Amino acid sequence: MLEDIKTGKVNCVVTKDLSRFGRNHIETGKYIEKIFPYMGVRFIAINDNYDSIMNDAQVNHIILPFKNLINDAYCRDISIKIRSNLEVKRKRGDFVGSFAPYGYKKSKEDKNKLEIDEEAAEVVRSIFKLYLQGNNAYKIAEKLNKKNILTPMDYKKESGSAFYTGFKKNLKSQWTHMNILRILGNPVYAGTLVQGKETTPNYKVKKKVKRDQNKWSRVENAHEAIMPLVDFLTVQEQLQMDTRTGTAKEKVYCLSGIVKCGDCGANMVRKTVPSGKRKFIYYVCGSHKGNKDVCSSHSINAVALEESVLKLLNHQINNVADLRKILEKADHAKISQGEMGVRKDTSMPFGVKEEKKGRQAVRKKEEIQKYTRLRMGLYEDYKDGLITKEEYLELKEIYGKRIQTAEQMLDAMEVELAFLADGERRECDWISQFKKYGRLESISREVAVFLIEQILVYEKKEGERYPRIEIHFKYADEFQDSLSIVKELHGKMEGAYGENE
């Protein structure tokens, strides 16, 4: 329309009312009072009884800015209400995005709820599985492209979504390592909905700006998870590790990123040294490799290390299996809390944690109540002249921040308590992790990342044939908790039946 006005094709603009022409009072006034008169264009707003060539137009020019201001204020009020409503939905765990994440679809009954899209979800599961097996993001993308699997963007279009992006260049897009990393790092696949990462400064500025992470809306168990939580968390740990490989290497080594120097804490680097027709593979301290003055080499043969780790892994798996049998026997013996003062549940470590977390939640609630009372009493202190206005405002802000922090921590505790209270999730998942592998004949990347926290290699001392290694298994706290309960159980049984029993 503006182009037609400039070329002289249009000399009159008619709108239903002023709000239909514009709700930015500055821009609207600029056009009506300056641009249109300069270009000889007549402007008519029917419901507002305004016509720029009528005799009473000058009188209406006085009222016009007020009407535009009211329209602008109305627009701002609507924007605030919409933002507030969206924030409430996000905190409630409702999905407010335009398109469901890849692997999910919007529920037909409730568009704010996500349901698993099985076809896409299988691709997501395969991505996580391949990564846990040691494939890097580049190789996973390459495998998906070879199988002609549709990318998230093409899949949305194939499904009938009116999805558009300005980044698409080819007729058919390709999987890239960035696609893979985005999927691997997205907590939505573990059932957690994270929203509100971006916003706009106000309703007039459409440019997106990043929000601080503490302002994001994060709701656990908002929908059905595609990946088990333990798998997702294990992947996040691997993403933080330094597991770089050469371009020709398809998979990372089974212990990449797990072996560390026991003295300086740096990653141990795998090196291959050819000697004639043979190759010697060993690990050395990464700090020593970069600067020999920082740390000693801590050199250890890779084959010997992997054999030692395999032996200790099988030993730990046997220990966990024996512990499981003891807990099961305790359950079959029907040792109830009323008779023996211990739990019958085979997931007793979770009961201990649940009780401990419950006490922490109670203390956190008391902390919130304390600071709420203190903040409410500040105004009375200010009125009575006990504190100045500056002190009142400063203390009010301090107490407000403490209440907010305590509430966030309480929310996290309540989520964890709900998780622990779920009967299906209380079946000692950590024991199952060890039990499912049975006796190992070799170490795979998947076994290493699920069962081992880190491996520390110490410098070989004088007189020692091999360096000392120290393995920190995952779920060490749970294992110790279970041992404590078994010891307590043993003591209770001795007290009840006598030592001969």
Side-chain angles (χ1 to χ4, degrees), residues 1-7 9-101 106 110-113 161-166 193-219 400 404:
M1 185 184 71
L2 289 173
E3 289 301 319
D4 289 342
I5 289 173
K6 291 176 183 178
T7 57
K9 293 180 180 179
V10 173
N11 64 357
C12 180
V13 176
V14 183
T15 63
K16 178 182 177 181
D17 52 43
L18 289 169
S19 67
R20 296 298 89 198
F21 179 67
R23 286 185 174 174
N24 185 320
H25 72 283
I26 296 175
E27 288 295 318
T28 304
K30 181 180 176 182
Y31 273 95
I32 295 174
E33 298 179 16
K34 187 175 180 180
I35 297 177
F36 286 168
Y38 176 79
M39 302 184 74
V41 175
R42 180 181 178 184
F43 178 73
I44 301 172
I46 298 172
N47 288 349
D48 289 311
N49 297 317
Y50 177 80
D51 188 339
S52 61
I53 67 168
M54 298 299 290
N55 293 329
D56 60 349
Q58 297 301 320
V59 177
N60 285 335
H61 268 305
I62 300 173
I63 304 173
L64 209 62
F66 292 100
K67 288 185 176 181
N68 286 331
L69 193 60
I70 292 170
N71 292 332
D72 197 332
Y74 176 76
C75 188
R76 180 171 57 250
D77 183 57
I78 291 295
S79 174
I80 292 171
K81 288 179 179 178
I82 291 174
R83 284 172 182 254
S84 177
N85 184 48
L86 289 175
E87 188 65 23
V88 169
K89 283 188 172 182
R90 284 193 287 262
K91 289 183 177 180
R92 196 168 57 202
D94 291 344
F95 180 75
V96 297
S98 301
F99 298 95
K106 292 186 179 182
D110 185 353
K111 67 178 182 179
N112 295 126
K113 295 298 179 184
S161 298
F163 182 79
Y164 172 78
T165 176
L193 204 54
V194 180
Q195 301 180 102
K197 293 183 178 181
E198 294 182 335
T199 187
T200 54
N202 55 56
Y203 70 100
K204 293 182 181 180
V205 181
K206 301 304 178 185
K207 180 183 176 182
K208 295 283 187 180
V209 294
K210 300 285 186 182
R211 299 178 75 185
D212 293 336
Q213 192 166 342
N214 58 358
K215 294 182 180 179
W216 294 357
S217 174
R218 185 183 184 91
V219 179
Q404 183 181 6

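In this chain, numbering begins with 1 at the start of the sequence shown. For clarity, every value in this text was computed on a predicted model and none was experimentally measured.
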Open item on the list: Using a 6.0 Å cut-off, check whether atom CD of Glu198 has over 12 heavy atoms from anything other than its own residue.
Closed with: yes
Task: CA sep, side-chain torsions, deciding dist, call: Thr200, Arg83, side-chain hydrogen bond (donor to acceptor under 3.5 Å, both in side chains) - done: CA-CA 10 Å; Thr200 54; Arg83 284 172 182 254; 2.7 Å; yes
- [ ] Quick one: pull up SG in Cys12 and CD1 in Ile53 and give me the separation to the nearest 0.5 Å.
- [x] 8.0 Å
- [ ] Determine the minimum heavy-atom distance between Trp216 and Arg211, stating which atoms define it.
- [x] NE1-O, 3.2 Å
Open item on the list: For a side chain to side chain contact (heavy atoms under 4.5 Å, CB included) check, start with the C-alpha distance between Asn71 and Thr28, then their side-chain angles and the critical distance, and finish with the verdict.
Closed with: CA-CA 10 Å; Asn71 292 332; Thr28 304; over 6 Å; no
Task: Straight-line distance of Lys208 NZ to Lys197 NZ, nearest 0.5 Å - done: 13.5 Å
- [ ] Quick one: closest heavy-atom pair of Lys106 and Ala100, and the distance?
- [x] N-CB, 4.0 Å
Open item on the list: Could you walk me through whether Lys16 and Ile46 satisfy the side chain to side chain contact (heavy atoms under 4.5 Å, CB included) test, starting with their C-alpha distance in whole Å, then the side-chain angles of each, then the deciding distance to 0.1 Å, before giving a yes or no?
Closed with: CA-CA 5 Å; Lys16 178 182 177 181; Ile46 298 172; 5.9 Å; no
TODO: Might you point out which heavy atoms bring Val10 and Val41 nearest each other, and give the distance in Å?
DONE: O-CG2, 4.3 Å
Open item on the list: Quick check for you: to the nearest 0.5 Å, what is the distance between Ser217 atom OG and Leu193 atom CG?
Closed with: 7.0 Å
- [ ] Working to the nearest 0.5 Å, report the span between NZ of Lys91 and CD of Gln195.
- [x] 12.5 Å
Task: Greater than 12 external heavy atoms within 6.0 Å of Phe36's CZ - done: yes
Task: Gap separating the CZ atom of Phe21 from the CG atom of Asn68, nearest 0.5 angstrom - done: 9.0 Å
TODO: Might you point out which heavy atoms bring Phe99 and Phe95 nearest each other, and give the distance in Å?
DONE: O-CZ, 3.2 Å
Task: Plane angle bin for Tyr50 and Phe43 - parallel if under 30°, tilted between 30 and 60°, otherwise perpendicular - done: tilted
TODO: Calculate, to the nearest 0.5 Å, the distance between atoms NZ and CD1 belonging to Lys30 and Ile35 respectively.
DONE: 5.0 Å
Open item on the list: I need the single residue from Asp48, Asp17, Asp72 that forms a salt bridge (charged side-chain N to carboxylate O under 4.0 Å, His left out) with Lys67. Which is it?
Closed with: Asp48
- [ ] With Asp94 as reference, evaluate Leu86, Val219, Asn112 under the side chain to side chain contact (heavy atoms under 4.5 Å, CB included) test and give the passing residue.
- [x] Asn112
Task: Worked check of side chain to side chain contact (heavy atoms under 4.5 Å, CB included) between Glu3 and Lys9 - done: CA-CA 9 Å; Glu3 289 301 319; Lys9 293 180 180 179; over 6 Å; no
Open item on the list: Quick check: do Met39 and Lys6 have side-chain heavy atoms less than 4.5 Å from each other?
Closed with: yes
